[in-house]
Amino acid sequence: MKQFYDLPKSLDSEIKEYENLVNDYLAGTIPAVKLKAFRVPFGVYEQRENETYMCRVRLPCGAITPEQLIGVARIAEKYSDRPLHFTTRQEVQVHHVKLKDTVAIIKELKALGLATRGGGGNTVRNIIGDGSSLIEPFVRALTTRLIAEKDSWNLPRKLKIAFSGDSSDKGLATVNDLGFIYKKQSGQIGFTVYIAGGLGANPRLAKKLYDFAPANEVYNISRAVKQLFDKYGNRKNKHVARLRFLFESLGAKEFTKRLDSELKEVRQQQYPVLEIKADQAKTEELTEYYLFLGDIEPREVIKLAEKLKPYGDDVLRANFNQNLVIRNVPAKALSARKVSRFFGQAVACTGAATCRLGICLSRELLKAIKEEVKDSDLDLNLKISGCPNSCGQHHLADIGFYGVIKRFNDRLVPCYQLMMGGVVGEGKSRLAEKFGVLPAKAIPNFLVELLAIYPAKREAVISLVDKYSQVPEFTQAPGFYYDWGSTQLFSLADKTEGECSAGMYDLINWDFTNIEQAIANNEPDQVVLSASRALLVTKGLEPKSAAEAVVLFKQHFIGQHLDSSFASTVDKYLNREKITLQEAKELASAVKKLYDSMDNSLKFPEIEKEVKQGSPDTKTVGSQASREFRDFRGIVCPMNFVKTKLVLETMNVNDQLEILLDDGEPINNVPASVRAEGHEIIKREKIDNYWRVVMEKH
Amino acid sequence: MSLTEDQIERYSRHIILQQVGGKGQENILAGKVLIIGAGGLGSPVAMYLAAAGVGTIGIVDFDKVDLTNLQRQIIHFTKDLGREKVLSAKEKMEAINPDVKVITHQLWLSSANIKELIKDYDFIIDGTDNFPVKFLINDACVMEKKPFSHGGILRFQGQTFTHLPGQACYRCLFKEPPPKDAVPTCSQAGILGAVAGMLGTIQAAEALKFLVGAGELLTNRLLSFDALTMDYRSLKFKRNKNCPVCGDNPSINKLIDYEQAVCSL
């Protein structure tokens with residue numbers, strides 16, 4: 001059976017090892033984390049629904065034979081009840097399978113000449129390409145070579161390699177860790193080489209490493225980059241571990257110097273040159289077979305593949321738009337397409353539905369857009385990611401979105417950042433630019449208007465964003481507080497766990513950005529607020545107001561992870577006393593330092609505590625023992641009293657509760673009602689236009 | 001259990017009550033009440049208990065809705081004519097409050113099934129219209145040590161009391177059902193629709209007080225009223241040591257199915 005890459009000999013023993021780990025885990029003799037360390041690099045991810053898994057199959061350049069594809073579809077029919085899914089990195093995935101079946105699936109894939117190894121984790125990932133027959137032989141040979149090397153499976157972070165056949169860079173060489181663009185110079189075949197690009201939450205375009213490297217250097221360069229990354233990459237903090245961070249931390253000069261020395265060493269080893277079996281040059285007829293959301297039912301794909309079989313083995317590719325490309329088959333031999341161009345080209349990552357990193361339900365958004373926009377033959381790329389990790393490649397989109405969380409009216413709202421104007425091409429690649437944040441629920445209507453004026457002038461887009469960016473009060477339009485396709489109020493609750501928690505980092509980074517801005521604007525109060533709020537999410541704390549954030553911070557961080565002396569700064573905030581910018585900055589930098597020292601399980605180092613004797617003075621404002629705080633401003637009577645009462649019920653006698661109340665009816669009623677229930681009002685004081693009330697439970 | 005934001009809002013007027021609060025509401029949400037009869041008394045009871053958030057409400061009735069019911073059985077609407085009463089009631093209760101789990105029992109109560117039926121509930125409401133079943137409910141609740149609210153209405157009058165285990169029961173007042181056909185049923189005597197509402201809401205309040213543990217229940221007291229004069233009276237009575245079912249030496253040890261024609265109130 002034809003296959004596009006050779007499976008390494010070691011695969012059998014690796015599958016055996018995986019099988020043993022799965023059995024041990026299912027028997028309860030090893031913990032989940034031990035299996036996970038092997039499972040993820042094997043291309044088997046746990047999906048959002050506990051104990052369901054996904055297998056990602058490596059397809060260099062998206063190449064797969066009709067026979068292989070039929071085999072994969074049969075596997076899906078046997079073990080899964082979901083469609084096959086094609087990814088933006090030209091892979092195919094079998095979703096929603098049981099852990100014990102993943103072993104059988106991997107074995108059956110192997111019989112088809114396919115592997116999942118390196119589908120995830122800190123490994124050499126699927127090597128992608130633009131479909132040009134000039135580069136594909138290199139991709140296959142490099143894949144075969146790299147996946148046979150043991151050190152491809154334990155890098156500091158993933159390593160992504162891409163190839164393009166020409167300067168238009170349809171293969172995305174300029175936005176991957178390592179990119180090769182095919183060139184012919186004085187009759188010699190070679191590549192322009194790019195390094196340290198990447199999308200993700202902190203995207204950057206790749207830098208040009210070599211103007212021209214001869215073809216026989218492709219392996220050496222790849223090997224050298226891998227070694228360099230292996231040696232110097234950051235293994236401690238995976239959020240700054242990709243090759244581009246190493247490039248930035250070393251600087252271009254030092255990076256190149258070290259790479260050169262690796263390359264020298266690699267050359268001395270005299271590895272065999274990649275064996276390139278050139279494709280026969282052909283005039284190719286390409287037909288894009290559009291899939292909506294990259295999904296196709298096994299039954300349909302089998303039918304398609306059977307039809308393609310007579311045209312040979314080399315007739316199918318998966319592309320970055322999550323579609324299939326059919327080549328060397330007359331278009332008329334194919335049935336009419338079912339999905340329009342706009343929606344066929346549109347991309348949505350899997351999102352929070354199945355991905356543990358997801359914030360928003362990106363696929364559901366695309367479905368909602370389809371409902372509203374209907375069909376369109378516009379030739380533009382709509383790309384949606386459910387979180388800032390740009391699996392949906394929103395940075396490269398004509399119109400892109402990525403999921404973010406925003407607070408409105410003290411509630412969390414699913415939103416998307418609008419990105420526009422992404423361009424890929426050698427020398428002209430440009431990441432899409434942010435155009436503002438829209439609530440998820442406003443996007444379909446927004447797009448209807450935007451497409452009507454597309455291509456739109458910048459000002460027109462901005463005013464359109466303004467129009468749609470408003471979020472009504474919860475009571476007026478609760479729908480805004482639910483994500484598309486969800487009946488649950490939008491929440492972070494189940495998003496602080498998971499394998500990497502992008503949603504959480506998004507929130508944290510947002511606060512650190514706020515800190516910088518507030519320092520620039522000389523707003524010490526804002527600095528203290530953002531610094532206080534930044535890390536609360538790591539402990540699952542969701543403050544409903546600014547003051548509550550500061551109080552929670554004081555309770556959970558100061559004296560535990562941060563020096564007690566910072567208490568005076570936050571007390572000033574709570575007491576509305578003047579804070580100097582210097583003080584605020586000190587607090588912010590301590591918080592930043594603490595964040596940097598956070599380990600992967602979201603734990604912070606504890607400070608050594610001085611043991612103080614004596615009973616705590618519970619009546620002192622700001623003392624930590626037995627004191628709760630709530631901000632009930634903006635809550636009308638009698639709900640403010642209801643909430644006060646509910647908090648008091650959870651407290652012990654003599655515990656104190658501090659609340660903030662609006663002026664007027666609330667301050668006139670709530671303390672009296674509290675007293676009527678037998679509790680004591682210790683303090684009531686007016687601050688600006690609201691009140692602070694401290695009570696003691698009796 | 002902790003209340004959701006929606007629940008805090010929905011039940012805020014309960015929570016404000018000093019005798020209820022968040023804990024009382026949580027007790028209501030965890031409560032299980034069985035309403036026997038989805039008629040004149042059962043209608044207001046079911047509506048108020050559902051609105052109050054009683055977590056599990058069972059409702060028993062064999063009948064279907066007919067046109068003569070609609071003058072007082074306010075849980076059933078004209079569109080429900082011919083429909084099973086329990087299903088019609090369930091639909092309204094769930095519409096008032098989706099928090100509530102409604103379990104329907106479309107059956108004839110008898111000595112054979114009543115014990116099994118009441119055993120999973122915390123409190124039973126007697127919303128029936130005939131003496132045989134009232135005695136059956138009383139005896140079963142005494143034997144199974146279940147609290148229940150008795151209710152009876154006729155013309156412009158109503159009466160009710162609440163039984164707790166160890167306190168006076170229906171047989172302490174009335175030894176046995178009156179002779180067959182000695183008492184007119186409502187189909188013969190008539191009933192002012194609102195009277196059913198007056199008495200049913202008292203029963204609902206008793207059930208809620210019981211779940212919350214607030215105030216004094218109508219134990220050892222028979223509350224009666226006459227809507228024509230709007231006089232209310234409360235008659236004290238005690239557990240009878242010689243009561244055939246709850247006395248010191250009970251003579252009734254098995255449930256009895258008395259005979260009487262029924263009509264639905």
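Atoms considered below: every heavy atom in the structure, side chains included; atoms not considered: hydrogens, waters and symmetry mates. Note that the structure is a prediction, hence the values are computed from the model and not measured.
The backbone N or O of B:Gly22 sits nowhere less than 3.5 Å from a side-chain atom of A:Lys645 that would complete a donor-acceptor pair.
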Exercise for the section: Begin with the C-alpha distance, continue with both residues' side-chain angles, and end with the deciding distance and a verdict on side-chain contact (heavy atoms from CB on, under 4.5 Å) for A:Val642 and B:Glu9. Expected result: CA-CA 9 Å; A:Val642 171; B:Glu9 243 178 284; over 6 Å; no
Handout entry: Stepwise salt bridge (Lys or Arg N to Asp or Glu O under 4.0 Å) test for A:Lys643 and B:Glu5
Key = CA-CA 10 Å; A:Lys643 296 197 170 200; B:Glu5 283 296 308; 2.5 Å; yes
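For B:Lys238, the NZ atom counts as loosely surrounded, since its 6.0 Å shell holds 12 or fewer non-hydrogen atoms of other residues, nucleotides or ligands. Heavy-atom contacts from other residues, nucleotides or ligands closer than 6.0 Å to NZ of B:Lys209 number more than 12. Shown here is B:Tyr48, whose OH atom has no more than 12 heavy atoms of other residues, nucleotides or ligands within 6.0 Å. The environment of NZ in B:Lys79 is crowded: more than 12 heavy-atom neighbours from other residues, nucleotides or ligands sit within 6.0 Å. Atom NZ of B:Lys32 is surrounded by 12 or fewer heavy atoms from other residues, nucleotides or ligands within 6.0 Å. A 6.0 Å sphere centred on CD of A:Glu685 holds more than 12 heavy atoms belonging to other residues, nucleotides or ligands.
The distance from the CG atom of A:Leu646 to the CG atom of B:Leu3 is 6.0 Å, given to the nearest 0.5 Å. A distance of 6.5 Å separates CG of B:Asp6 from CG of A:Leu489, quoted to the nearest 0.5 Å. Atoms CD and CD, from B:Gln25 and A:Glu649 in turn, are 10.5 Å apart once rounded to the nearest 0.5 Å. If you take NZ on B:Lys23 and OG1 on A:Thr650, they are separated by 7.5 Å, rounding to the nearest 0.5 Å.
Heavy-atom minimum distance, B:Leu17 versus A:Glu677: C-OE2, 4.3 Å. In terms of heavy atoms, B:Gln18 sits closest to A:Ala676 at OE1-O, 3.8 Å.
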